[in-house]
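What follows is a single structure, written as structure tokens, with notes after it.
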Amino acid sequence: VDLSVSWLGLAMANPLYNASGVMCRSVAELEQVRTSAAGAVITKSCTPQPRVGNPEPRYCATPLGSINSMGLPNAGYPYYRDYARSYPYAAGKPLFLSLSGMTLDENLDMLRDLAAAELLCLPEVNLSCPNLPGKPQLGYDFQACSEALTQITRVYQGPFGVKLPPYFDQVHFAQMAAVLNAFPGLRFVTCINSIGNGLVIDVERESVVIKPKDGLGGLGGSYVLPTALANVREFYRLLPDKHVVGCGGINSGREAFMHILAGATVVQIGSCLYEEGEGAFARILDELSALMVQKGYQRLDDFRGKLKTL
Ligand SMILES: C=Cc1c(C(=O)O)[nH]c(=O)[nH]c1=O
């Protein structure tokens, strides 16, 4: 079967890569993804200056997924920009740079520099970090998003994308789509970021499992699959001129198939990659291929976006 994807002027051998935040904070980790079976690479969301992030423990895996309140630990924008400078684009795996400034000005500063550097990587602007104490997720403030995107498209004229939080209300899907459709340069949306501020409890210890925010953190993994699929399918319908990157709850070829069936052009893995390591890429791709053979599909376009309704 043919797993290749051609989008945004990029050619990918397959639709699978890491979710920002997992296996992508250091060059060593980024190189692990780049030299794995993954079809692309994305960096950890960054701020202009390095950040240590929240106190540990700040990540915990459970049988149904994960909870994290990392607090945006990262090596700082220059570190990732320099990696993007030396990145071997000709090897055929696109590089995405995730930006998550603490303020709009920080995002504008990083995007100005990125525009001037004229690199082949594509920005994914994070509108949805749920773990910065005292900071609301921009993605839930539609007016603020519209203003931010107006300024972002002034400083960055190239194609870019945004990482969205999960929405849970059809009016919100429509309102956010109306904001996003006003920006033709915004070429993709990544749905979803973790479901913010969940609480995992350890019964034996009668305790929370992560230290920040008295245990509140973003949920990933199987917990979020139905919400991720709903966000992919709704934005696939509401953003006809843009691509949707599926993220959330992909543990096997079956969930990757679901995301693509719902409309995703490409898909990212987070919790599963954190727990399993880079072998997850080849395993999931093999499972996806086997499922396609079983169903008689030759390529991803044979079923992408063709989810049936009743
Ligand atoms: C960029 C910060 C994020 C973080 C974090 O660094 O805490 N965790 C997430 O699940 N999503 C984020 O967007």
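Ligands are counted one by one from 1 in listed order, and the atoms in each one are counted from 1 as well.
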Could you tell me how the ring of F173 sits relative to the ring of F235: parallel (under 30°), tilted (30 to 60°) or perpendicular (over 60°)?
-> perpendicular

State whether R283 and D286 are salt-bridged, where the test is any N-O pair (Lys NZ or Arg NE/NH1/NH2 against Asp/Glu carboxylate O) under 4.0 Å.
-> no

Taking only heavy atoms of S194, which atoms of ligand 1 are found under 4.0 Å from at least one of them?
-> 9 (C), 10 (O), 11 (N)

If you scan protein heavy atoms around atom 11 (N) of ligand 1, the nearest is N193 OD1, 2.8 Å

Please, which pairs that meet side-chain hydrogen bond (donor to acceptor under 3.5 Å, both in side chains) have at least one residue in residues 214-232, sequence neighbours excluded?
-> T62-Y223, S222-N251

Aromatic rings W7 and H243: how do their planes relate, parallel, tilted or perpendicular, breaks at 30° and 60°?
-> perpendicular

Kindly confirm or rule out an N or O of P73 lying under 3.5 angstrom from an N or O of ligand 1.
-> no

Verify, without hydrogens or angle tests, whether N54 (side chain) and S69 (backbone) share a donor-acceptor contact under 3.5 angstrom.
-> yes

So which protein heavy atom does atom 4 (C) of ligand 1 come closest to, and at what separation?
-> N131 ND2, 3.6 Å

Could an N or O of ligand 1 be found under 3.5 Å from any N or O of P130, whether backbone or side chain?
-> no

Given that the side chain starts at C-beta and the backbone is N, CA, C, O, which of these parts of S45 lies under 4.0 Å from ligand 1, counting heavy atoms, or is it both or neither?
-> side chain

In ligand 1, which numbered atoms sit nearer than 4.0 Å to a non-hydrogen atom of L72?
-> 1 (C), 2 (C), 5 (C), 6 (O), 7 (O)

